[in-house]
Amino acid sequence: MPECRPEYNLYNDAFLGKNERLIPKLEFLARIAEQEKWDFKSNENEPRYTILLNYLMYTYDRVKQEKKIAVSEDGQRMCFNTGL
């Protein structure tokens with residue numbers, strides 16, 4: 001069975017921001033998604049959402065391959081179903 005590795009296309013296709021801007025976005029997604037453990041860290045005081053970010057990367061790669069990303073007419077915004 002071939003190994004599955006994310007291509008991390010989301011980093012190339014969208015500006016996610018540096019950690020100080022990205023972490024609050026991931027925190028928001030974690031709050032509105034089904035309750036899950038979204039990180040490997042045991043320290044609850046410093047969430048980094050490693051599992052959630054990896055999930056988004058794999059999901060984006062898959063929907064991009066399936067051509068299931070909606071892009072605005074001006075190409076400045078896009079939307080995809082995260083499955084969350």
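A quick note: this is a predicted structure, and the numbers were derived from the prediction, not measured.
With sequence neighbours excluded, the residues forming a ring-ring contact (aromatic ring centres under 6.0 Å, His included) with Phe80 are Tyr60, listed by chain and number.
Rounded to the nearest 0.5 Å, atoms CZ (Arg48) and CZ (Phe40) are 13.5 Å apart. Put simply, CG on Asp39 and CD1 on Ile51 are 6.0 Å apart, with the number rounded to the nearest 0.5 Å. Atom CG of residue Asn9 and atom CG of residue Asp61 lie 4.5 Å apart, to the nearest 0.5 angstrom. Lys25 NZ to Ile23 CD1: the interatomic distance, rounded to the nearest 0.5 Å, is 11.0 Å. For the atom pair Asn12 CG and Lys64 NZ, the distance stands at 7.0 Å (nearest 0.5 Å). Atom OG1 in Thr59 sits 9.0 Å away from atom CG in Asn81 (nearest 0.5 Å).
Using a 4.5 Å heavy-atom threshold, the side chains of Ile69 and Asp13 count as separate. Residues Leu29 and Tyr49 form no side-chain contact, since every pair of their non-hydrogen atoms from C-beta on lies 4.5 Å or further apart.
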Worked verdict on Lys18 versus Glu20 for salt bridge (charged side-chain N to carboxylate O under 4.0 Å, His left out): CA-CA 6 Å; Lys18 295 186 180 193; Glu20 58 272 0; 5.8 Å; no
If you apply the rule side chain to side chain contact (heavy atoms under 4.5 Å, CB included), what do you find for Tyr58 with Asn54, and how did you get there? CA-CA 6 Å; Tyr58 272 93; Asn54 197 41; 3.5 Å; yes
Listing, residues 31-38 side-chain donor-acceptor contacts under 3.5 Å, not counting sequence neighbours, or none:
none

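Residue-environment remark: CD (Gln65) stays at or below the threshold of 12 foreign heavy atoms within 6.0 Å.
Phe28 and Phe15 fall into different hydrophobic clusters, where Ile, Leu, Val, Met, Phe, Trp and Tyr residues are linked whenever their side-chain heavy atoms come under 4.5 Å apart, directly or through other members.
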